[in-house]
Amino acid sequence: MDAVRLLPFAGIAFFAVPILWPVQGGPSLAGRTAALFGGWIILILGAAMLARALGRPPPAGED
């Protein structure tokens with residue numbers, strides 16, 4: 001459950017880093033765009049994995 005609460009902060013980090021790169025001497029626009037979409041895909045996959053894990057019933061014998 002704690003990982004679900006941290007996912008938005010991970011998203012902020014994934015999106016802030018490419019935006020804060022310097023214009024001169026930093027990655028090209030294509031590199032920045034790839035980093036943004038890469039972070040977006042990582043967030044989607046992470047949310048899907050967490051949703052799937054939270055949807056499972058707990059193992060027998062655990063409360």
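Every heavy atom of this structure was used, including side-chain atoms; hydrogens, water molecules and symmetry mates were not.
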Under the ring pair (Phe, Tyr, Trp, His ring centres under 6.0 Å) test, residues paired with Phe15 that sit two or more places apart = none
message = Nearest 0.5 angstrom please: Ile42 CD1 to Phe14 CZ, how far?
response = 4.5 Å
task = Hydrophobic side-chain clustering at under 4.5 Å (ILVMFWY, transitive links): who's grouped with Ile41? Put none if nobody.
result = Leu45
message = Suppose clustering is done on Ile, Leu, Val, Met, Phe, Trp and Tyr with side-chain heavy atoms closer than 4.5 Å. Which residues sit in the same group as Leu20?
response = none
Residues forming a side-chain contact (heavy atoms from CB on, under 4.5 Å) with Trp21, sequence neighbours excluded = Val17, Pro18, Pro27, Arg32, Ala35
task = Identify, with sequence neighbours excluded, every residue that meets side-chain contact (heavy atoms from CB on, under 4.5 Å) alongside Leu50.
result = Ala3, Val4, Leu7
